[in-house]
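Take a look at the structure below.
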Protein chains: 2
Amino acid sequence: MKNIKAKLIKLFKEGYCTPQIARIAKKINEPSATIHYNIKKLERDGAIKTYKAVFDYKKIEEGFCVYVLINVSPSEYEYDWSRYESKIVSELAKHKEVESVDIMAGDWDLILKIRTKDQDEYYDFLREVVSRIAIQKSISLISLKQLKTNFVLMKQHE
Amino acid sequence: MKNIKAKLIKLFKEGYCTPQIARIAKKINEPSATIHYNIKKLERDGAIKTYKAVFDYKKIEEGFCVYVLINVSPSEYEYDWSRYESKIVSELAKHKEVESVDIMAGDWDLILKIRTKDQDEYYDFLREVVSRIAIQKSISLISLKQLKTNFVLMKQHE
DNA sequence: TTACCTATCTGAATATTGTTCAAACATAGG
DNA sequence: CCTATGTTTGAACAATATTCAGATAGGTAA
C-alpha cells in the first residue's frame with residue numbers, strides 16, 4: 001500500500017487536470033481543433049489559472065469549515081502597507097488549511113476560509129497561524145452545511 | 001466569430017475537465033495504471049465531485065466579489081425547516097452569480113459568496129434574488145483583493 | 001469599394017495519453 | 001495457515017490532444 005490517495009489530493013488541490021476537449025466538442029457541436037484553439041487562447045490571456053478537482057471535503061478529512069473575519073491591528077499596516085500585504089497576508093495564504101484570503105473594504109480587514117478535519121485541528125491552526133499576526137479583533141463563523149462550493153452544488157443526503 | 005469563449009467558461013465552471021494521469025505518474029514516479037486505479041477509487045468513493053477550471057475572475061467579467069451574511073426571518077424556518085433548506089436555500093444556490101452557500105452556526109444563518117461584473121450587477125442580484133427571501137438582516141462585505149481562491153494563489157501584480 | 005493585416009476556424013495527420021485486463025502482490029480476518 | 005478483498009503493474013489497445021497549413025471572417029485605412 002503506497003498511500004497514493006494523499007498525494008493525489010495534494011496535487012488535485014492545485015491543478016494536474018486538463019480540459020476534456022473531445023467531450024466539449026460533442027457538447028457544443030464544434031470541431032475539436034476549434035475548441036482547442038479557444039481554450040489555449042483563454043490560457044494565454046490568463047483568464048484560466050488552472051484546472052483542479054473539487055472534493056467532498058467530509059471525505060478527505062476536511063469536513064470542518066470556518067469563515068474567519070479579522071481586524072488587523074492598525075500598527076500592522078498604517079505605516080507600511082507593503083509589509084502588510086506581502087508578509088502578513090501572503091503568509092496566511094500559504095497554509096494548506098486556507099481555502100481563500102480576501103482583503104476587504106469596510107468593517108473587516110480580512111476574510112479567511114479555513115478547512116480542517118475537526119474543531120481541534122482548527123484550534124491548532126488558530127494558535128499556530130492566526131495568533132502570530134497582530135489582531136485587534138476576530139470572529140469565527142462556523143459552517144454547518146455547504147450547499148454550494150466553488151460554483152459546484154454539493155449533493156444533499158450524504 | 002462563434003463566441004465559443006462564453007460557452008467554455010460556462011462549461012468549465014461545472015466540470016468538463018479530467019486528471020492528467022501521465023503527468024501525475026511522472027511527478028510521483030508511479031505507473032500510470034496505478035494512478036488511474038487510485039483516481040477511479042476516489043471518484044467511486046465520492047471524494048472527488050468534479051474537475052473544473054479556476055479563473056482569473058477579473059478577466060471573465062466577474063471581478064466584483066461580495067460575501068453576504070444573512071439572518072433569515074424566524075418565520076421562514078422555525079416551523080418548517082425542510083421548506084427553509086429545500087426551497088429557500090437551494091433556490092439561492094441555483095444562480096450563476098453564487099459561488100458558495102453555507103448554512104451557519106451562531107449569529108448568522110447563511111453566508112453567500114457572490115461574483116458579478118460590477119457593483120451595478122450586484123445590486124440587481126440583491127434586488128432580484130436575495131430580496132425575494134424573507135430576511136431579517138443582512139450585510140454585504142466587499143472584497144477588494146483576492147490573494148487565494150479555492151486553494152489557488154492568485155498571482156499578484158496584474 | 002478594395003487591399004491588407006490579424007484573428008479565428010477547420011480537417012486531416014500525428015503524437016500523446018487514457019483505459020482495459022489478467023496476473024502478481026499485499027493485507028486483514030478467521 | 002488459508003481465503004477473500006483490495007491494490008499494483010506491464011503491455012496491448014482505444015481514445016484523445018496537438019499540430020499545421022489552408023480557409024474564412026473581421027477590422028481598418030486608403
Side-chain angles (χ1 to χ4, degrees), chain A residues 1-63 96 117 150-152 155 158, chain B residues 1-63 96 117 150-152 155 158:
Chain A
M1 242 282 269
K2 298 190 157 188
N3 197 22
I4 286 167
K5 177 178 170 182
K7 291 176 187 174
L8 289 178
I9 289 171
K10 187 158 177 291
L11 293 177
F12 283 150
K13 270 200 189 180
E14 315 165 21
Y16 287 89
C17 298
T18 193
Q20 293 180 293
I21 293 177
R23 191 168 152 228
I24 294 167
K26 267 169 214 146
K27 172 83 176 175
I28 66 180
N29 200 37
E30 301 286 352
S32 71
T34 304
I35 303 300
H36 184 269
Y37 172 84
N38 279 275
I39 289 175
K40 289 304 155 191
K41 180 163 164 42
L42 280 171
E43 294 173 0
R44 249 186 296 119
D45 295 347
I48 292 176
K49 302 221 77 107
T50 192
Y51 306 95
K52 56 156 289 170
V54 176
F55 300 98
D56 185 332
Y57 293 93
K58 292 186 298 298
K59 294 188 176 159
I60 60 164
E61 308 274 79
E62 298 187 21
K96 69 170 181 4
K117 185 184 173 186
N150 197 230
F151 294 106
V152 178
K155 213 173 46 251
E158 14 179 351
Chain B
M1 241 281 271
K2 297 188 157 188
N3 198 21
I4 287 167
K5 178 178 168 180
K7 290 176 187 171
L8 289 177
I9 290 171
K10 186 157 178 290
L11 293 177
F12 283 150
K13 270 201 189 179
E14 316 165 20
Y16 288 88
C17 298
T18 193
Q20 292 179 293
I21 294 178
R23 190 168 153 227
I24 294 167
K26 268 169 212 148
K27 171 83 175 176
I28 67 179
N29 201 34
E30 300 286 353
S32 70
T34 305
I35 302 300
H36 183 269
Y37 173 86
N38 278 275
I39 290 175
K40 290 302 154 193
K41 182 164 161 40
L42 280 170
E43 294 173 1
R44 247 186 296 119
D45 294 348
I48 292 177
K49 300 218 81 105
T50 192
Y51 306 95
K52 55 156 288 171
V54 176
F55 300 98
D56 184 333
Y57 293 95
K58 292 186 299 299
K59 293 186 177 160
I60 62 165
E61 308 274 80
E62 298 187 19
K96 70 172 183 1
K117 184 183 174 189
N150 196 229
F151 294 106
V152 177
K155 210 168 56 252
E158 16 178 351

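This is a predicted model, so every value here is computed, not measured. A, B, ... follow the sequence lines: proteins, then strands. Residue 1 opens every chain.
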Compare side-chain N and O positions of [X] against OP1 and OP2 of [N] and report whether any pair is under 4.0 Å apart.
X	N	answer
B:His36	C:dG18	no
B:Asn38	D:dT7	no
A:Tyr37	C:dT8	yes

To the side chain of [X], which of [options] is closest?
X	options	result
A:Pro31	D:dA17, D:dG10, C:dG11	C:dG11
B:Lys26	C:dT17, D:dA17, C:dC9	C:dT17
A:Lys41	C:dT10, D:dT18, C:dT8	C:dT8
B:Thr34	D:dT9, D:dT18, C:dT10	D:dT9

Can a salt bridge be assigned to the pair B:Glu62 and B:Lys13 using a cut-off of 4.0 Å between side-chain N and carboxylate O?
yes
Describe the nucleic acid contact of B:Ala33 in one word from base, sugar-phosphate, nothing, applying a heavy-atom distance below 4.0 Å.
base
Reading DNA chain D from 5' onward, which residue's closest nucleotide shows up sooner: A:Asn3 or A:Arg23?
A:Asn3
Whole-Å distance separating the NZ atom of A:Lys2 from the C1' atom of C:dA26:
12 Å
Nearest-Å distance for atom pair CD1/C1', residues B:Ile39 and C:dT20
15 Å
